[in-house]
Amino acid sequence: MGGRGRGTDRSHGRQTAAIAALRETLRRAEATDTIALAVPARYRLGELLGGAAGDALTKAAGDELIAEGIRNPARWAAIFIPGRWSGAG
């Protein structure tokens with residue numbers, strides 16, 4: 001299960017399913033050292049969770065991408081995990 005298509009769960013308001021899908025995507029990406037997907041998954045998970053914990057997750061993922069030379073972390077995350085993710089609910 002890759003990250004592609006996971007935006008569907010969030011777009012239709014199935015927040016719990018979207019969170020579970022992102023966590024599974026993240027688990028699999030980390031297990032296989034697929035950093036190109038793991039960092040965007042963390043970024044999107046943070047956006048979806050919101051609040052202080054979500055903001056910290058998004059910021060940490062964004063900082064990691066910036067350190068790798070990515071100028072726009074949100075755009076980078078959208079390449080790998082498209083969809084609307086901000087704002088819990």
Side-chain angles (χ1 to χ4, degrees):
M1 294 189 136
R4 291 244 182 238
R6 295 297 183 204
T8 304
D9 285 329
R10 173 65 178 117
S11 296
H12 291 113
R14 294 187 299 263
Q15 185 174 354
T16 301
I19 289 169
L22 279 172
R23 286 186 171 146
E24 179 63 11
T25 298
L26 181 56
R27 183 192 70 75
R28 290 179 182 209
E30 288 175 340
T32 59
D33 291 325
T34 310
I35 302 305
L37 182 55
V39 178
R42 276 196 295 277
Y43 190 94
R44 290 299 199 202
L45 181 59
E47 286 182 320
L48 185 56
L49 292 173
D55 290 349
L57 194 59
T58 300
K59 183 180 181 333
D63 289 347
E64 189 172 344
L65 290 169
I66 289 169
E68 292 296 324
I70 304 302
R71 293 184 187 178
N72 188 332
R75 190 175 298 166
W76 184 261
I79 291 169
F80 290 94
I81 304 178
R84 290 177 286 163
W85 296 88
S86 61

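Distance CG/L48 to OG1/T58: 9.5 Å, rounded to 0.5 Å. To the nearest 0.5 Å, the span separating CZ on R23 from CG on L49 amounts to 5.5 Å. The CD atom of E64 sits 11.0 Å away from atom CD1 of I70, with the distance rounded to the nearest 0.5 Å. Expressed to the nearest 0.5 Å, how far CD1 of I66 lies from CG of N72 amounts to 8.5 Å. One finds the CZ atom of F80 at 13.0 Å from the OG1 atom of T25 (value rounded to the nearest 0.5 Å).
Closest of all the heavy-atom pairs between P73 and G62 is CG-O, 3.7 Å. Contact detail for P40 and A77: the closest heavy-atom pair is CB-CA, 3.9 Å.
Cluster membership for L57 and Y43, using ILVMFWY side-chain heavy atoms within less than 4.5 angstrom, is not shared.
The backbone N or O of L22 lies less than 3.5 Å from no partner atom in the side chain of R44, so there is not a single donor-acceptor pair.
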